Visitor: 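Before I ask anything, here is the structure I am working with.
All values below were derived from every heavy atom in this structure, side-chain atoms included, with hydrogens, water molecules and symmetry-related copies excluded. The chains referred to below are lettered A, B, ... by the order of the sequence lines, with proteins before strands, and numbering in each begins at 1. Note that the structure is a prediction, hence the values are computed from the model and not measured.
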Number of protein chains: 2
Amino acid sequence: MTPELRHLRYFVAVAEHLSFTVAARELHLAQQSLSQQIAALEHALGARLFDRDTRGTRLTEVGRVFLPEARAVLTRADAALETARKAVRGEIGRLRVAFLVSTANYMMPPVVRAFRERYPDVELLAEAVGIAGLVAGLREDRYDAAFTRPPLVDDLVTATLVAEPVCAVLPAGHPLAGRAGLRLADLAGEPWVLTPRGSWEPWHRKYDEDFRAAGFEPQVVQRADGVPSLLGLVAAGVGVTRLARSAHSLRRTGVVFVPLAGERAETVMAWHPARDRQAVRNLLDVAAELAVSIDLTEAG
Amino acid sequence: MTPELRHLRYFVAVAEHLSFTVAARELHLAQQSLSQQIAALEHALGARLFDRDTRGTRLTEVGRVFLPEARAVLTRADAALETARKAVRGEIGRLRVAFLVSTANYMMPPVVRAFRERYPDVELLAEAVGIAGLVAGLREDRYDAAFTRPPLVDDLVTATLVAEPVCAVLPAGHPLAGRAGLRLADLAGEPWVLTPRGSWEPWHRKYDEDFRAAGFEPQVVQRADGVPSLLGLVAAGVGVTRLARSAHSLRRTGVVFVPLAGERAETVMAWHPARDRQAVRNLLDVAAELAVSIDLTEAG
DNA sequence: CAGCGGTTACAGTCAGAGCCTGTGACCCCC
DNA sequence: GGGGGTCACAGGCTCTGACTGTAACCGCTG
């Protein structure tokens, strides 16, 4: 027989009470069963742990030596289980989070900061990536969660955190730059600067729908990847584009942001349903809490 | 269910091989049984430890956190068992040893030194005590072993270590002091200095026999407890006495030791048979080894 | 594309471990 | 001397931790 934690628990209980009867009562089992298990432990160790006769129970020298050892093992085991439970609650471990580059500027700092404060024992790995890498990373278990923009794909779960106005982005001095608001149709005749079609299919399908609903097909004079590039081209007067208002924080000169009626850009947290761990839930909770308490899209 | 060491062993094995099948082979059990036990452990923790499908097994985040914990518990448990085994072998623990005051001067230093060297992790408590306290201490479990002189009592076990000549102790200048050897009968007419009759019955019964065998009853002019007192009285010319040769080391001036024909004084190790631990055996071995390698009675 | 070798999971069965109750021997104290 | 305390022994029950047999699934290979 090889000793189990049960034997150590029994041994410590008997050693603490120096009585099989009392220890058995505490352990909620019969004195006979306790005697049996202690005997088995003694057999495994090759020595008696207690001197016992009709007038009581005393530790032998081996028992005296073994008692602190047994206690230490039990304490260590308890600690191990407690650590495991903490991991289950998502209070310890590692969390790999991707931030879509175009949302990273305003989402990453407050989210990372708040999460680290709330869960200091979780190793949070934050990374800013493009949309394709983000989705692939979630699917292939390189990220546990991601902050990004919809629409994505069916096999990922998302939760909406914030919605902000979508704006027409015009060069400073553009005839429409002074308006308080615009409809997408107002920009039908403008030259457009957009991202390459291949960047992320679901987005471009939605763009196509939006323009069709506004009754025109945009005349694309230039395609460029990344919000800073688009803003640069707009500032240079190459054309106009359409971005979430939070993008304004990336470039304040040479461009004007005018809200487009009825359009909203959402920021969501996304994750793979098969890897729905508590730590991911905790991250969502922290981010959602943050979203109601401060305007994340203004923070950048 | 509360996790046992078995579950941790199984978990570590699966985590190390990342395969239930291979781990089961190593653990000498069926894959199904292993799966069952891991499932039980996961149920107890409230979370899966492995992501498993038909193409393999991977640790979950909780599993990654728990693995070093489980290893630590198993390591601690192994250490505890190893410590227990050392205690069984008498290589660790506490040993309470009594030395009869009249043998302590030559026995205690070499025995304690040799034992400490051989068993550095055993806490050796050495004490010099009178014969009555020594026997009572062995019987009442205050000492684990004792070095003393026979005869003792039936309920204690003894092992002889050394035998030395018994000497007549005479004042310097006594007519017989120049002799190379004496018989007890030669001292029939002398005034005697002896220990009080009450000090230890078995000894005095033997003295009585010795004197009866020598054909006289000693004329006791003074009784005094302890070898130094006897030596002092002999040196003062009050009378003669009879002591083991090793007592000479306690007083070199004013007294002369003359061997008595045929008489030997033994030094024994004594212990209680009910407390016959390995550590006691080890002490006996060390002392016996010492006895053959050096003349303990001369060492003092 | 079918078959084979690999994975784990599910279902049913069995032996034994661990627990129970009943009983006995012994010691101490009133 | 009896009552209350100790622990040990014996016999029986239950459930757990094994086993075997089977199925579902994936990916490689011929």
Side-chain angles (χ1 to χ4, degrees), chain A residues 1-45 47-60 62-63 70 74 139-141 155 272 274-275, chain B residues 1-45 47-60 62-63 70 74 139-141 155 272 274-275:
Chain A
M1 184 220 61
T2 160
E4 294 290 342
L5 290 176
R6 172 165 30 86
H7 297 104
L8 302 186
R9 271 188 283 269
Y10 290 2
F11 166 61
V12 170
V14 174
E16 277 174 354
H17 294 97
L18 289 181
S19 158
F20 281 72
T21 313
V22 175
R25 197 154 43 229
E26 184 183 272
L27 294 166
H28 302 294
L29 52 86
Q31 163 261 313
Q32 295 86 334
S33 310
L34 181 55
S35 294
Q36 199 176 345
Q37 292 300 305
I38 295 290
L41 176 59
E42 289 176 328
H43 186 75
L45 296 180
R48 304 227 104 188
L49 292 166
F50 298 101
D51 282 329
R52 38 205 191 271
D53 51 38
T54 69
R55 73 184 170 290
T57 300
R58 296 158 304 283
L59 276 169
T60 62
V62 173
L74 292 173
R139 282 173 163 162
E140 293 159 19
D141 196 20
D155 57 346
H272 193 104
R275 283 179 287 282
Chain B
M1 184 220 58
T2 159
E4 293 288 342
L5 290 176
R6 181 186 49 257
H7 296 105
L8 303 186
R9 270 188 283 268
Y10 289 2
F11 166 62
V12 170
V14 175
E16 278 174 354
H17 294 95
L18 290 180
S19 160
F20 281 71
T21 313
V22 175
R25 197 153 42 229
E26 183 182 273
L27 294 167
H28 302 295
L29 49 87
Q31 163 261 315
Q32 293 88 334
S33 310
L34 182 55
S35 294
Q36 199 176 342
Q37 291 301 304
I38 294 290
L41 176 59
E42 289 175 329
H43 185 76
L45 295 180
R48 304 228 105 191
L49 292 166
F50 298 101
D51 282 329
R52 39 203 190 271
D53 51 38
T54 69
R55 74 186 168 293
T57 301
R58 294 158 304 283
L59 275 170
T60 62
V62 173
L74 291 173
R139 283 174 163 160
E140 293 158 19
D141 198 19
D155 58 343
H272 193 106
R275 284 178 285 282

Visitor: Please tell me if the side chains of A:Leu41 and A:Pro3 come closer than 4.5 Å, counting only heavy atoms from C-beta onward.
Guide: yes

Visitor: Which distance, rounded to the nearest 0.5 Å, do you find between the CG of B:Asp141 and the NE2 of B:His272?
Guide: 8.5 Å

Visitor: Take the protein atom CD of A:Glu4 and the nucleotide atom C1' of D:dG17, then report the distance between them rounded to whole Å.
Guide: 12 Å

Visitor: For the side chain of A:Gln37 and the base of C:dG18, is some donor closer than 3.5 Å to an acceptor across the two?
Guide: no

Visitor: Determine whether B:Arg48 and B:Val62 make a side-chain contact, defined as any pair of heavy atoms from C-beta on separated by less than 4.5 Å.
Guide: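 In short, these two side chains do not touch, never coming nearer than 4.5 Å.
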
Visitor: Taking the side chain of B:Leu29 as heavy atoms from C-beta outward, which of C:dT7, C:dC20, D:dA18 is closest to it?
Guide: D:dA18

Visitor: Select base, sugar-phosphate, or nothing to describe what A:Ser35 touches, counting heavy atoms under 4.0 Å on all strands.
Guide: sugar-phosphate

Visitor: Detail all sub-3.5 Å separations between protein N/O atoms and N/O atoms belonging to nucleotides 25-30 of chain C.
Guide:
from: C:dC27; atom 1: O4'; to: A:Thr54; atom 2: OG1; distance (Å): 2.5

Visitor: Just list the side-chain donor-acceptor pairs under 3.5 Å for residues 20-34 of chain A, sequence neighbours left out, or say none.
Guide:
from: A:Glu26; atom 1: OE1; to: A:His17; atom 2: NE2; distance (Å): 3.2
from: A:Gln31; atom 1: NE2; to: A:Ser35; atom 2: OG; distance (Å): 3.3

Visitor: In whole angstrom, give the distance that lies between atom CG of B:Asp53 and atom P of D:dC25.
Guide: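 Interatomic distance, CG of B:Asp53 to P of D:dC25: 12 Å.
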
Visitor: NA contact type, A:Thr21, heavy-atom cut-off 4.0 Å: base, sugar-phosphate, or nothing?
Guide: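 A:Thr21: backbone/sugar contact only, no base atoms under 4.0 Å.
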
Visitor: How many Å lie between CG on A:Leu41 and P on C:dA17, as a whole number?
Guide: 16 Å

Visitor: What nucleic acid atoms does A:His7 come within less than 4.0 Å of, heavy atoms only: base, sugar-phosphate, or nothing?
Guide: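 Nothing, no nucleic acid heavy atom in range.
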
Visitor: Considering only D:dC7, D:dC19, C:dT8, which nucleotide approaches the side chain of B:Ser33 most closely?
Guide: D:dC19

Visitor: Contact between B:Phe50 and B:Glu42 at the side-chain level, heavy atoms closer than 4.5 Å - yes or no?
Guide: yes

Visitor: If you take atom types as modelled and just measure distance, does the side chain of B:Gln31 reach the base of C:dA9 with a donor-acceptor pair under 3.5 Å?
Guide: yes

Visitor: For B:His43 and C:dA9, give me the distance from atom NE2 to atom C1', rounded to whole Å.
Guide: 17 Å

Visitor: Give B:Phe50 one of three labels, base, sugar-phosphate or nothing, depending on what nucleic acid heavy atoms sit under 4.0 Å from its own.
Guide: nothing

Visitor: Within this structure, what is the CD1-to-C1' distance between A:Ile38 and D:dT6, rounded to whole angstrom?
Guide: 16 Å

Visitor: Could you check how far CZ of B:Arg58 sits from C1' of C:dT8, rounded to whole Å?
Guide: 11 Å

Visitor: Does A:Arg52 put a side-chain nitrogen or oxygen below 4.0 Å from OP1 or OP2 of D:dT6?
Guide: no

Visitor: Within this structure, what is the CG-to-C1' distance between A:Leu34 and C:dC20, rounded to whole angstrom?
Guide: 14 Å

Visitor: By nearest heavy atom, map A:Gln32 and A:Arg25 onto DNA chain D; which one lands nearer the 5' end?
Guide: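 Residue closer to the 5' terminus by nearest nucleotide: A:Arg25.
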
Visitor: Using whole Å, what does the distance between atom C1' of nucleotide D:dG11 and atom CD of A:Gln36 come to?
Guide: 12 Å

Visitor: When rounded to the nearest 0.5 angstrom, what is the spacing between NE2 in B:His7 and CG in A:Leu5?
Guide: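 These two atoms lie 10.5 Å from each other.
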
Visitor: With nearest nucleotides of DNA chain C determined for A:Met1 and B:Leu18 from heavy-atom distances, which residue corresponds to the more 5′ nucleotide?
Guide: B:Leu18

Visitor: Atom CG of B:Leu49 and atom OH of B:Tyr10: how far apart are they, to the nearest 0.5 Å?
Guide: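 Here the rounded value is 15.5 Å.
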
Visitor: Does a side-chain heavy-atom distance below 4.5 Å link B:Glu4 with A:Arg6?
Guide: yes

